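A short worksheet on the structure shown next.
These figures come from a predicted structure and were not determined experimentally. Sequence lines set the chain letters: A, B, ... in the order given, protein chains first and strands last, and positions in each chain run from 1.
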Amino acid sequence: AQSVTQLGSHVSVSEGALVLLRCNYSSSVPPYLFWYVQYPNQGLQLLLKYTSAATLVKGINGFEAEFKKSETSFHLTKPSAHMSDAAEYFCAVSRGGGADGLTFGKGTHLIIQP
Amino acid sequence: ETGVTQSPTHLIKTRGQQVTLRCSSQSGHNTVSWYQQALGQGPQFIFQYYREEENGRGNFPPRFSGLQFPNYSSELNVNALELDDSALYLCASSLGGRNTEAFFGQGTRLTVV
């Protein structure tokens, strides 16, 4: 079965600082990995996805993530945090097999300090 | 191109009652998935429908059931509501396939009292 672990339920960074949100996965099949963002009282929006084409994936709003098979990781980064980045971030892995759908981590709440 | 829309946005039900939540998928999408997001948690996969057939299910009891219609819209039905069913219910539509993007609606906030 596929699973995702997000390290750190809350991460606080200063505006302009590097953002690093950690995600480790477990998958019995080659994984498809996703990062989603959720703003208060809203649904989820896709930031980026890894589908085996390239290990460094660039997404929207300046975010990127690197797939490292040896570390089973897919950490999300952004060089310079902006106040508008404050939100909940979820890492997810495709469930695989004949059924689609995603298995999500518990989420990381990103706080941006002015 | 219209996005994924869910209705209602909020509702309150009494324990033991039944509820139906609705989802209109994004234009052209034939796959709909439903997720339950408890407060402070990540979404949990309930089930998925592809061309009107359920083709995947998470760890949810049979009192959670669904339908998908020929226009690919979908319903989630929950019978015998329990207090723990209180959550944000999210619908997502996609073209199907493990690597395709799922587009999420804004969710229905269900409160069971």
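For B/Q44, the CD atom is loosely surrounded, since the number of other residues' heavy atoms within 6.0 Å does not exceed 12. Annotation: B/L39, atom CG; neighbour count of heavy atoms from other residues, nucleotides and ligands within 6.0 Å does not exceed 12.
Note: A/F104 and B/F45 fail the aromatic proximity criterion, with ring centroids not under 6.0 Å apart.
One N or O on the side chain of B/Q48 and one on the backbone of A/G101 form a donor-acceptor pair closer than 3.5 Å.
In terms of heavy-atom pairs under 4.5 angstrom with chain A, the leader among B/G58, B/G42, B/P43 is B/P43.
The contact between A/Q38 and chain B is made entirely by side chain atoms (from C-beta outward), counting heavy-atom distances below 4.5 Å. Only the side chain of B/L88 comes within less than 4.5 Å of a heavy atom in chain A; its backbone stays farther off.
Hydrophobic clustering (ILVMFWY, side-chain heavy atoms < 4.5 Å, transitive): B/L11 and B/W34 are in one cluster. Residue A/L7 is not grouped with residue A/L47 when hydrophobic side chains (ILVMFWY) are merged at heavy-atom distances under 4.5 angstrom, including chains of intermediate members. Connection of B/L67 to B/V19 is not established within any shared hydrophobic cluster, with ILVMFWY side chains joined at heavy-atom distances below 4.5 Å, either directly or through further cluster members. Residues A/W35 and A/V19 fall within the same hydrophobic cluster, defined by Ile, Leu, Val, Met, Phe, Trp and Tyr side chains chained together at heavy-atom separations under 4.5 Å. B/Y72 and B/F103 are assigned to two separate hydrophobic clusters, defined by single-linkage of ILVMFWY side chains at heavy-atom distances under 4.5 Å.
Rounded to the nearest 0.5 angstrom, A/Q42 CD and B/F104 CZ are separated by 14.0 Å. Here CD of A/E88 is found 8.0 Å from CD of B/Q37. Values are rounded to the nearest 0.5 Å. A distance of 8.5 Å separates OG in B/S94 from CG in A/L102, rounded to the nearest 0.5 Å.
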Checklist entry - After noting the C-alpha distance and the side-chain angles of A/L44 and B/Y35, does the key distance pass the side-chain contact (heavy atoms from CB on, under 4.5 Å) rule? => result CA-CA 11 Å; A/L44 282 73; B/Y35 294 82; over 6 Å; no

